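Counting starts at 1 for both ligands and their atoms, following the listed order. Keep in mind it's a predicted model, so treat the numbers as computed, not measured. Residues take their numbers from the sequence shown, with the count starting at 1.
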Amino acid sequence: MLPTITVFERSPDGGKGLARDMPVRWALEEVGQSYGVRLVSSRAMKEPAHRALQPFGQIPTYEEGDLALFESGAIVFHIAEHHAGLLPGDANARARAFTWVFAALSTVEPPIVNRGFDEPWYEQRRPVVEEGIRNRLGDLSSRLGDAGWLDGAFSAGDLMMVSVLRRLKGSGILEEYPNLSAYVSRGEARPAFQRAFAAQLAVFTSVSAD
Ligand code: GTB
């Protein structure tokens with residue numbers, strides 16, 4: 001059964017692949033699973049039909065037969081569990097890979113999304129917010145060291161961590177940690193990432209041309 005995901009009809013990220021459908025697309029590409037895409041407008045996102053799939057009126061969602069999921073982490077988790085390619089065979093190593101998915105979303109990402117750089121109050125808060133980000137990146141950088149991936153072979157944990165770190169590209173902060181910057185580039189160089197990125201960009205360009 002071909003899964004269908006929902007994505008922004010008009011992504012506010014300008015085609016940079018920063019919205020949360022990107023890790024889901026990337027995971028599907030890594031495991032070689034084709035998928036359908038349904039574009040959702042900002043208005044439709046808040047209507048009952050979409051809220052039945054995503055109670056908070058957001059993207060992405062994932063539908064596959066009788067199964068409807070929301071939360072990008074849970075969707076990536078589901079894809080990784082049901083297909084080969086994103087998790088190691090050893091049970092403990094699989095558990096550690098999921099630990100990195102959670103670490104990306106609940107430990108590393110929160111200070112990153114606190115960067116409200118479009119908000120008027122942000123200039124005052126910037127030093128505190130950036131210190132929070134640097135704390136996390138410093139620790140992550142020490143853990144990664146000169147390894148290619150966080151725990152052996154590339155896994156769902158790396159996919160989510162790279163997705164989270166990508167939000168810092170061009171901020172100058174990520175670039176202070178050359179091993180993390182190289183880690184993100186390594187993730188982005190993966191053919192599955194490239195396919196996922198091209199697919200989301202194609203949506204952005206076709207809608208922008210309307
Ligand atoms: N915890 C949920 C998950 O991981 O799935 C969060 C989902 C979420 O934040 N969805 C956002 C959304 O639907 C889009 S991805 N927002 C619409 C709304 O809440 O009304 C977050 C996002 C948005 C924009 C950019 N950007 O422009 O760079 C990056 C990320």
Side-chain angles (χ1 to χ4, degrees), residues 3-30 35-64 67-81 86 97-119 122 126 129-130 133 136 156-175 184 187-188 193 196-208:
T4 300
I5 65 169
T6 53
V7 310
F8 274 129
E9 178 181 68
R10 203 174 283 272
S11 180
D13 70 2
K16 293 195 188 103
L18 295 176
R20 291 171 199 256
D21 56 296
M22 186 61 199
V24 173
R25 288 176 180 276
W26 185 7
L28 288 163
E29 293 288 354
E30 286 285 348
Y35 60 99
V37 169
R38 198 165 65 247
L39 309 187
V40 189
S41 68
S42 332
R43 197 173 57 181
M45 224 174 267
K46 305 299 175 198
E47 284 172 4
H50 186 74
R51 283 188 192 274
L53 295 171
Q54 218 291 5
F56 307 105
Q58 298 184 310
I59 58 97
T61 61
Y62 176 98
E63 292 157 83
E64 184 185 17
L67 176 69
L69 293 176
F70 62 98
E71 285 296 333
S72 53
I75 299 170
V76 167
F77 193 111
H78 172 79
I79 295 165
E81 279 214 305
L86 279 172
F98 285 133
T99 301
W100 281 114
V101 172
F102 282 96
L105 292 173
S106 58
T107 303
V108 177
E109 185 171 63
I112 293 176
V113 295
N114 277 342
R115 284 173 74 238
F117 39 81
D118 287 337
E119 312 291 339
Y122 184 61
R126 181 195 287 267
V129 172
E130 294 194 347
I133 297 173
R136 293 297 189 236
D158 296 297
L159 183 151
M160 199 52 87
M161 192 64 81
V162 168
S163 300
V164 162
L165 295 177
R166 287 188 68 244
R167 288 179 81 145
L168 286 173
K169 273 179 71 173
S171 66
I173 304 179
L174 180 66
E175 293 72 16
V184 169
E188 291 178 331
F193 176 94
F197 186 87
Q200 65 76 36
L201 185 59
V203 170
F204 181 79
T205 348
S206 70
V207 174
S208 304

- Note on the structure: The reported gap from CD1 in Ile112 to CG in Leu165 (rounded to nearest 0.5 angstrom) is 5.5 Å
Can you tell me which residue and heavy atom of the protein come closest to [atom], and the distance to 0.1 Å?
| atom | result |
| --- | --- |
| atom 25 (C) of ligand 1 | Asp13 CB, 4.3 Å |
| atom 29 (C) of ligand 1 | Leu18 O, 3.5 Å |
| atom 19 (O) of ligand 1 | Gln58 NE2, 3.1 Å |
| atom 4 (O) of ligand 1 | Ser72 OG, 2.6 Å |
| atom 11 (C) of ligand 1 | Ile59 O, 3.8 Å |
| atom 15 (S) of ligand 1 | Arg20 N, 3.4 Å |
| atom 22 (C) of ligand 1 | Ala19 CA, 4.2 Å |

- Should Phe197 and Met22 count as side-chain neighbours, where that means a heavy-atom distance under 4.5 Å? yes
[X] versus [Y], closest heavy-atom pair with distance:
| X | Y | answer |
| --- | --- | --- |
| Ala44 | Ser41 | N-OG, 3.0 Å |
| Val203 | Phe8 | CG1-O, 4.2 Å |
| Tyr62 | Leu28 | CE1-CD2, 4.2 Å |
| Leu18 | Arg166 | CD2-O, 3.8 Å |
| Gly73 | Met160 | CA-CE, 3.8 Å |

- If we number the atoms of ligand 1 from 1 as shown, the ones under 4.0 Å from a heavy atom of Pro12 are 24 (C), 27 (O)
- Pick from Arg167, Glu71, Lys46: the one approaching atom 1 (N) of ligand 1 most closely through a non-hydrogen atom: Glu71
- Query: Parallel, tilted or perpendicular: which fits the ring planes of Phe98 and Phe77, with parallel below 30° and perpendicular above 60°?
  - Reply: parallel
- ligand 1-proximal atoms of Phe8, by part, heavy-atom distance under 4.0 Å: side chain
- Pro60 near ligand 1, heavy-atom distance under 4.0 Å? yes
